[in-house]
Amino acid sequence: MANTTFNGPVRAEQGFKQITKNATTGAITDNTTIDSSGNIVAGGTATFAGIVDLNGNTMSAGTGITTGTGTVYAGSAVKVGGVYSTSILIDLTGLASSGSGDIIGKAATANSHVGQITAANNGTILAGQLNVYEAPAGGDPDIDLWYADEATGTEDAAITGLSNQVQMCDSGDLALNSVISIPTPPAADKYIYMATGAATDADYTAGKLLIEFFGYTA
């Protein structure tokens, strides 16, 4: 069959297949397929000349985090081989802390979670860690990680007021370049929160954190 050149998009309702035909038996082998839903199974080696942007399972925080003035939030969840890697990058600037054991977020704002864990996006979490790339300043430096059922937790409210809340790590004051193990990983469908370990009623002026979780298909 001759090569065909198209000017414009190539469209097919039932997907595409790249095949190999056995010269002796005529048997057809599907090497790479794109099904009718857009799912791709590639049998060869993929080479990309530009940036590979994987946006399928981006993590999302609540408005109690994302509406902080000067606050930075970025999250991702990817699967490579059998390992799910979840990353949550936060600059605390513009968020607030208050009493001991209270939720951190934009002052008096609901939905102050930093993301939800699901088996589909994050796998079953086996381990995790909290990395400190800039020590917290202004607000309380003792930041612990918790999870709970609800997405609605409000800054300045007690983390223990949420349903089925569990503390994942007891960090102490976070110092530059410290790496805190997360011995109690989050369960599926739970929302992740930051909460104060001590009482400091103030806004954060600094603090860059990377929360990481590693999961697998159970």
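Remember, predicted model here, so these are calculated numbers, not experimental data.
A distance-only check finds a donor-acceptor pair linking the side chain of S178 to the backbone of A175 [under 3.5 Å]. Judged by distance alone, the side chain of Q116 and the main-chain N or O of D189 form a donor-acceptor pair under 3.5 Å. Formation of a donor-acceptor pair under 3.5 Å by the N164 side chain with backbone atoms of A148 is not found in this model. Of the possible polar contacts, none joining the T124 side chain to the T217 backbone as a donor-acceptor pair under 3.5 Å is found. Of the possible polar contacts, one joining the S97 side chain to the D140 backbone as a donor-acceptor pair under 3.5 Å is found. At distances below 3.5 Å, not a single donor-acceptor pair connects side-chain atoms of E212 with backbone N or O atoms of G128.
Taken from NE2 in H113 to OG1 in T152, the straight-line distance is 9.0 Å, to the nearest 0.5 Å. In this structure, the separation between CD1 on I34 and NZ on K17 is 12.0 Å, given to the nearest 0.5 Å. Interatomic distance, Y133 OH to N177 CG, rounded to the nearest 0.5 Å: 8.5 Å. How far CG of L92 is from CD of E134: 8.5 Å, rounded to the nearest 0.5 Å. Here the CD atom belonging to Q129 is positioned 7.5 Å from the CD1 atom belonging to I182, to the nearest 0.5 angstrom. In this structure, CG on D156 lies 10.5 Å from OG1 on T109, to the nearest 0.5 angstrom.
Between A135 and L176, the shortest heavy-atom contact is CB-N, 4.0 Å. Here the closest non-hydrogen pair linking S112 and G105 is OG-CA, 3.7 Å. When all heavy atoms are compared, the tightest approach of A110 to T63 is O-OG1, 3.9 Å. Scanning all heavy atoms of the two residues, the minimum distance from I180 to S171 falls at CG2-OG, 3.9 Å. Taking both residues in full, the closest heavy atoms of P141 and P136 are given as CA-CB, 4.0 Å, listed atom of the first, atom of the second, then distance. The nearest pair of heavy atoms linking V114 to Y73 is O-OH, 2.6 Å.
In this structure, the side chains of V10 and F16 come closer than 4.5 Å at one or more pairs of heavy atoms. Looking at heavy atoms from C-beta onward, D144 lies in side-chain contact with D142 at the 4.5 angstrom threshold. Side-chain contact between V72 and K208 is absent, with no heavy-atom pair separated by less than 4.5 Å. Under the 4.5 Å side-chain criterion, counting only non-hydrogen atoms from C-beta, T154 is not in contact with I103. Contact of the V132 side chain with the L209 side chain is registered, since non-hydrogen atoms from C-beta on lie closer than 4.5 Å. Inter-residue side-chain proximity for N122 and M59 is flagged as met; some heavy-atom pair is nearer than 4.5 Å. Within the 4.5 Å cutoff, no side-chain heavy atoms of Q167 are placed close to those of I159. Side-chain contact between I117 and K190: absent, with no pair of heavy atoms (C-beta onward) separated by less than 4.5 Å.
Under the 4.5 Å side-chain heavy-atom criterion for ILVMFWY residues, a single connected hydrophobic cluster contains both I211 and I104. Under a hydrophobic clustering in which Ile, Leu, Val, Met, Phe, Trp and Tyr are joined whenever their side-chain heavy atoms come within less than 4.5 Å, directly or via other members, F214 and V179 fall into different clusters. Placement of I90 and Y193 in two distinct hydrophobic clusters is found when ILVMFWY residues are connected by side-chain heavy-atom separations under 4.5 Å, directly or transitively. Linking Ile, Leu, Val, Met, Phe, Trp and Tyr whenever their side-chain heavy atoms come within less than 4.5 Å leaves L210 and Y147 in two separate clusters. Residue I88 is grouped with residue V166 when hydrophobic side chains (ILVMFWY) are merged at heavy-atom distances under 4.5 angstrom, including chains of intermediate members.
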* **side chain to side chain contact (heavy atoms under 4.5 Å, CB included) evaluation trace for M194 with L145** => CA-CA 5 Å; M194 300 181 293; L145 297 179; 3.9 Å; yes
* **From CA spacing to verdict: side chain to side chain contact (heavy atoms under 4.5 Å, CB included), D201, S98** => CA-CA 4 Å; D201 189 1; S98 51; 4.2 Å; yes
* Asked: Can you list the steps and then say if E155 with L95 is a side chain to side chain contact (heavy atoms under 4.5 Å, CB included)?
  -> CA-CA 9 Å; E155 190 278 330; L95 303 182; over 6 Å; no
* Asked: Step by step, would you call I143 with T196 a side chain to side chain contact (heavy atoms under 4.5 Å, CB included)?
  -> CA-CA 5 Å; I143 298 174; T196 53; 6.0 Å; no
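The side-chain contact (heavy atoms from CB on, under 4.5 Å) test with F213 is passed by exactly one of P186, S85, S87: P186.
Looking at S163 and E150, their side chains do bring a donor and an acceptor atom within 3.5 Å of each other.
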